2 protein chains.
Amino acid sequence: MNISDVARRTGLSNKMVRHYESVGLIQSPPRSAAGYRQYSQRNVDELAFIAHARTLGFSIAQIGDLLSLRQDPHRASREVKAVAQQHLQELDARMQQLKHMKSLLAEMISQCPGDDDPHCAILQRLETSDSNGFTGDNLS
Amino acid sequence: MNISDVARRTGLSNKMVRHYESVGLIQSPPRSAAGYRQYSQRNVDELAFIAHARTLGFSIAQIGDLLSLRQDPHRASREVKAVAQQHLQELDARMQQLKHMKSLLAEMISQCPGDDDPHCAILQRLETSDSNGFTGDNLS
DNA sequence: TCTCAACCTTCACATGGGGGTAAGGTCAAG
DNA sequence: CTTGACCTTACCCCCATGTGAAGGTTGAGA
């Protein structure tokens, strides 16, 4: 199987398949005489696993951990669960930030008339903001 | 005022101040004989505006638009509102993706025993996933 | 056999929003 | 005159890709 076949079967791009190889997420497959990468079904399964994990937002590093656990018959499911729970916490933190941004922004939008007049509460509140709900949190 | 004073007053780093200049978000300030950037209160106000907008998650490009509108006395608040609403939609889209990821991940976690046994529903569902709720949406 | 499209390869650079570090110039106090 | 805290530019790093260049390979048809 050439790289495009694998890409089609996994829903990844050719570039992503090469990228995952270059960062060590998958092993370098054997090459044909012309230097083409030659993939097996096993590679396809692994890349599909990666694609699914990316869909869930796992980082490359986390997927590396998951792949190690996947191929280790002596793993404890506790370890897998720990990686997933860590990621869930990260998702939750991002969600909280987004919620905070959204509520502030929505409030500001509701205060802007949105007409032909230059007066705008959004701009005003961006000038002098701290009294209006900014907490000094980290940027996203 | 030197760059560190501005950074302290706006909560930005020196790097960020220079960065915003290099990408054209703010004008290059005059320099002292030694080449030090010399800032005025006006620059501080502008950078504080930028910092607040970043807190709300606006992109550099969007902030550029907001700054143009800010300094245009003939603006319509409608235009400002449009930028903010566009951004709100983007935040909402990100939120939906996060929610989707979170719910799938939380469900998978709940199905993993998390003990010493190698059997793990998380790994299983990452192998063969489409029947378990994946929609083929874009990655985040 | 020649050609052409559709593959494949590597390399380098872009994105966003900066962080880190280096190598050097400058300023003010002691 | 030294020391330390400034300042400058310039480079590479992160993440997870996308884009494009420049070139080699393969297979099918004319």
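Small disclaimer: the values here were computed from a predicted structure and weren't measured. Here is the naming used below: chain letters follow the sequence lines, and residue numbers restart at 1 for every chain. Because only heavy atoms are used, hydrogens play no part in the values below, and waters and symmetry mates are left out as well, while side chains stay in.
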Engineer: For B/I3 and D/dC7, what is the distance between atoms CD1 and C1' respectively, to the nearest whole Å?
Structural biologist: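 Going from CD1 in B/I3 over to C1' in D/dC7 covers 9 Å.
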Engineer: State, yes or no, whether a side-chain contact exists between B/R94 and B/L98 at a heavy-atom distance under 4.5 Å.
Structural biologist: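 Heavy-atom side-chain distance check fails, nothing below 4.5 Å.
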Engineer: Tell me: CG of B/N14 to P of C/dG18, nearest whole Å?
Structural biologist: 13 Å
Engineer: Between the base of C/dG25 and the side chain of B/Y36, is there a donor-acceptor distance below 3.5 Å?
Structural biologist: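 Answer yes: a donor N or O sits under 3.5 Å from an acceptor.
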Engineer: For A/S4 and for B/A33, find the nucleotide of DNA chain C with the closest heavy atom, then tell me which residue's nucleotide is more 5'.
Structural biologist: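 Final value for this comparison: A/S4.
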Engineer: Hey, is the side chain of B/K15 pairing donor to acceptor with the base of C/dG17 inside 3.5 Å?
Structural biologist: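 No, no donor-acceptor pair under 3.5 Å.
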Engineer: Where each residue is assigned the nucleotide of DNA chain D containing its nearest heavy atom, which of B/Y39 and A/S59 is assigned the position nearer the 5′ end?
Structural biologist: B/Y39
Engineer: Is the phosphate of D/dT17 approached by A/R54 (side-chain N or O, under 4.0 Å from OP1 or OP2)?
Structural biologist: yes
Engineer: Rounded to the nearest angstrom, tell me the gap between atom CD in A/Q62 and atom P in D/dA16.
Structural biologist: 9 Å
Engineer: Would you kindly give the NE2-to-C1' distance between A/H19 and D/dT17, to the nearest whole Å?
Structural biologist: 6 Å
Engineer: What integer distance in Å separates B/N2:CG from C/dG25:P?
Structural biologist: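 B/N2 atom CG is separated from C/dG25 atom P by 19 Å.
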Engineer: Mind calculating the distance between CD (A/Q38) and P (C/dC8) to the nearest angstrom?
Structural biologist: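 Going from A/Q38 (CD) to C/dC8 (P), I get 10 Å.
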Engineer: Between C/dG18 and B/Y20, is there an OP1 or OP2 to side-chain N/O distance shorter than 4.0 Å?
Structural biologist: yes
Engineer: Compare side-chain N and O positions of A/R31 against OP1 and OP2 of C/dT10 and report whether any pair is under 4.0 Å apart.
Structural biologist: yes
Engineer: Does a side-chain N-to-carboxylate-O contact under 4.0 Å join B/D45 and B/R42?
Structural biologist: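 No salt bridge links B/D45 with B/R42.
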Engineer: Base, sugar-phosphate, or nothing: which does B/S32 touch, judged by heavy atoms less than 4.0 Å apart?
Structural biologist: nothing
Engineer: For the pair A/Q62 (side chain) and A/S59 (backbone), establish whether a donor and an acceptor sit closer than 3.5 Å, ignoring hydrogens and angles.
Structural biologist: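 Looks like yes, one N/O pair under 3.5 Å.
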Engineer: Mind calculating the distance between CZ (B/R18) and C1' (D/dC11) to the nearest angstrom?
Structural biologist: 14 Å
Engineer: Within this structure, what is the CD1-to-C1' distance between B/I50 and C/dG18, rounded to whole angstrom?
Structural biologist: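 Computing the B/I50:CD1 to C/dG18:C1' distance gives 14 Å.
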Engineer: Would you say B/I26 and B/Y36 are hydrophobically clustered, going by side-chain heavy atoms of ILVMFWY under 4.5 Å?
Structural biologist: no
Engineer: Are the side chain of B/R75 and the backbone of A/P118 linked by a donor-acceptor contact shorter than 3.5 Å?
Structural biologist: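 Indeed, once roles are kept as given, a pair shorter than 3.5 Å links the two residues.
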Engineer: Between D/dT9 and B/R37, is there an OP1 or OP2 to side-chain N/O distance shorter than 4.0 Å?
Structural biologist: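 Yes, B/R37 has a side-chain N/O under 4.0 Å of OP1/OP2 on D/dT9.
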